Amino acid sequence: IVIMMSLAIRPYLGWSLAASDDGRVTVTHIEPNSSAARAALREGDVVIAVGDLRPDASLGRSAGHAFDLELINRYRAGDNLTFEITHDDTPQALQATLSGVPTSLITTHLLLFLAFWVIAGVLLWARHDEPLVRTLVITILAMTAGNFYRPATDFPLNTTSGMLLQ
């Protein structure tokens with residue numbers, strides 16, 4: 001329940017971003033019914049700002065990913081934000097309320113979490129006397145449990161699929 005609640009308050013933007021060498025952040029994909037779709041963002045839009053947050057062009061090709069993580073950490077589901085973009089070289093300000101992570105993605109996370117813990121339990125039960133297996137089990141448990149409680153900046157999250165990229 002705690003895991004579901006922590007994912008539910010995390011904003012789900014439903015977009016994929018890419019940054020050019022000069023740090024210009026462009027929308028490359030929009031998920032239907034997402035916050036980005038409700039804001040009327042389109043593929044190819046250049047992101048100038050969301051709320052009071054602007055992409056850091058000094059990061060070059062990492063600017064899109066860093067911007068995404070900052071948004072996830074700064075805002076919560078239910079926040080109403082202005083998306084400042086450039087579409088076909090025309091500046092626009094679009095409004096949207098951020099949604100939470102969809103229930104289907106929360107369910108997917110929980111199933112993956114459970115699967116890893118079952119695998120860890122079976123490994124530990126079958127080969128508990130081998131140090132390598134104990135190390136592997138501890139690693140699995142630490143990675144899966146830690147991902148739900150760490151700040152988003154500690155791990156990459158694909159905001160289109162909502163899945164961890166590790």
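Here the structure is a predicted model, which means the values were calculated and not measured.
- A salt bridge does not link Asp79 to Arg74: none of the charged side-chain nitrogens sits closer than 4.0 Å to a carboxylate oxygen.
- The line from CD of Glu43 to CD1 of Ile30 is 6.5 Å long, rounded to the nearest 0.5 Å.
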Any chance you could lay out the side chain to side chain contact (heavy atoms under 4.5 Å, CB included) test for Asp45 and Thr26, step after step, and finish with the verdict?
CA-CA 6 Å; Asp45 287 349; Thr26 305; over 6 Å; no
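- Without hydrogens or angle criteria, Ser16 side chain to Thr28 main chain gives no donor-acceptor distance under 3.5 Å.
- The closest donor-acceptor contact from the side chain of Arg24 to the backbone of Ala19 lies at 3.5 Å or more, if one exists at all.
- Counting heavy atoms from C-beta outward, Leu17 and Val27 have side chains that approach closer than 4.5 Å.
- Between Gln95 and Asn80, the closest side-chain pair of non-hydrogen atoms falls below 4.5 Å.
- If you check the side chains of Thr90 and Asp88, you find no donor sitting under 3.5 Å from an acceptor.
- Taking the side chain as every heavy atom from C-beta outward, Leu98 and Arg76 never approach each other to under 4.5 Å.
- A donor-acceptor contact shorter than 3.5 Å is absent between the side chain of Thr86 and the backbone of Asp89.
- Side chains of Val50 and Glu84 form no contact here, defined as non-hydrogen atoms less than 4.5 Å apart.
- Aromatic ring orientation, Trp15 versus Phe83: perpendicular (interplanar angle above 60°, classes split at 30° and 60°).
- Across all their heavy atoms, Ile85 and Leu94 have their closest contact at CG1-CD1, 3.9 Å.
- Hydrophobic cluster membership for Leu59: none, as no Ile, Leu, Val, Met, Phe, Trp or Tyr side chain comes under 4.5 Å of it.
- Linking ILVMFWY residues whenever their side-chain heavy atoms come closer than 4.5 Å, directly or via other members, leaves Val46 and Phe67 in distinct clusters.
- Taking hydrophobic clusters as Ile, Leu, Val, Met, Phe, Trp and Tyr residues chained together by side-chain heavy-atom distances below 4.5 Å, Tyr75 does not share a cluster with Ile48.
- A side-chain donor from one of Ser35 and Ser99 sits under 3.5 Å from a side-chain acceptor of the other.
- Here CG of Asp68 is found 6.0 Å from CG of Leu13. Values are rounded to the nearest 0.5 Å.
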